[in-house]
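Treat the numbers as computed from the prediction; the structure is a model and nothing was measured. Atom set for the values below is all heavy atoms of this structure, side chains included, hydrogens, waters and symmetry mates excluded.
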Amino acid sequence: MDTFIFLGFAVAYLALLIWGISLVVARRRAVVSDLALLVVLGLVYDNTVIGLGTMIGEGAALEGLNSARYWMHALLTPLLVLVAWHVLIRAPASAGRAPHGQQCWRSA
């Protein structure tokens with residue numbers, strides 16, 4: 001049952017990734033918040049490996065795939081800080097420049 005759930009998540013994340021890439025292509029330029037697409041790519045890989053883990057079976061192959069999952073989490077997840085910063089800066093009414101917005105940013 002878990003296999004189908006994780007593979008379903010992988011398909012949903014893949015659809016989001018394709019949609020996000022199409023938006024970047026239509027805009028014809030990349031912005032900092034587009035780094036979230038790299039995180040979504042990691043989620044596609046992550047859920048695919050988890051979903052197919054029982055079919056792959058224990059061994060060196062699954063260990064290598066899980067090692068890649070670990071490094072993707074370690075390297076891609078911190079990009080969400082840059083995405084959050086970019087979203088805050090682009091927020092209307094200069095929310096990023098308000099005292100409470102600055103306090104939130106300092107506490108992150």
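Annotation: salt bridge (charged side-chain N to carboxylate O under 4.0 Å, His left out) contacts involving residues 5-16, sequence neighbours excluded, are absent. Legend: salt bridge (charged side-chain N to carboxylate O under 4.0 Å, His left out) pairs involving residues 39-55, not counting sequence neighbours, sorted by first then second residue: Asp46-Arg69.
No single ILVMFWY cluster, assembled from side-chain heavy atoms under 4.5 Å apart, contains both Tyr70 and Leu80. Hydrophobic cluster membership differs between Leu17 and Val31, with clusters built from Ile, Leu, Val, Met, Phe, Trp and Tyr side chains linked at under 4.5 angstrom. When the side chains of ILVMFWY residues are joined at heavy-atom separations under 4.5 Å, either directly or via intervening members, Val24 and Ile18 end up in a single hydrophobic cluster. Leu23 and Leu41 end up in the same hydrophobic cluster when Ile, Leu, Val, Met, Phe, Trp and Tyr side chains are linked at under 4.5 Å. Both Val44 and Ile21 are part of a single hydrophobic cluster, where members link through side-chain heavy atoms under 4.5 Å apart.
A donor-acceptor pair is defined here as one N or O able to donate and one able to accept, closer than 3.5 Å; no such pair exists between the side chain of Tyr13 and the backbone of Gly42. Proximity of a side-chain donor or acceptor of Ser22 to a complementary backbone N or O of Trp19 within less than 3.5 Å is detected.
Here Arg27 pairs with Asp34 under the salt bridge (charged side-chain N to carboxylate O under 4.0 Å, His left out) rule; sequence neighbours left out. For Thr77, the side-chain hydrogen bond (donor to acceptor under 3.5 Å, both in side chains) criterion is met by no residue, not counting sequence neighbours.
Residues Leu38 and Leu76 approach most closely at O-CD1, 3.3 Å, considering heavy atoms. Taking every heavy atom of both residues into account, Ser33 and Val87 meet most closely at CB-CG2, 4.5 Å.
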Pairs under 3.5 angstrom only: tabulate donor-acceptor contacts from the side chains of residues 5-12 to other protein residues two or more places apart or in another chain.
none

Solution key, residues 56-63 side-chain donor-acceptor pairs under 3.5 Å, sequence neighbours excluded:
none

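Expressed to the nearest 0.5 Å, how far CG of Leu79 lies from CG of Leu37 amounts to 11.0 Å. In this structure, CG on Asn47 lies 11.5 Å from CG on Leu14, to the nearest 0.5 angstrom.
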Candidate pair His86 and Leu35, rule side-chain contact (heavy atoms from CB on, under 4.5 Å), full reasoning: CA-CA 10 Å; His86 189 252; Leu35 290 172; over 6 Å; no
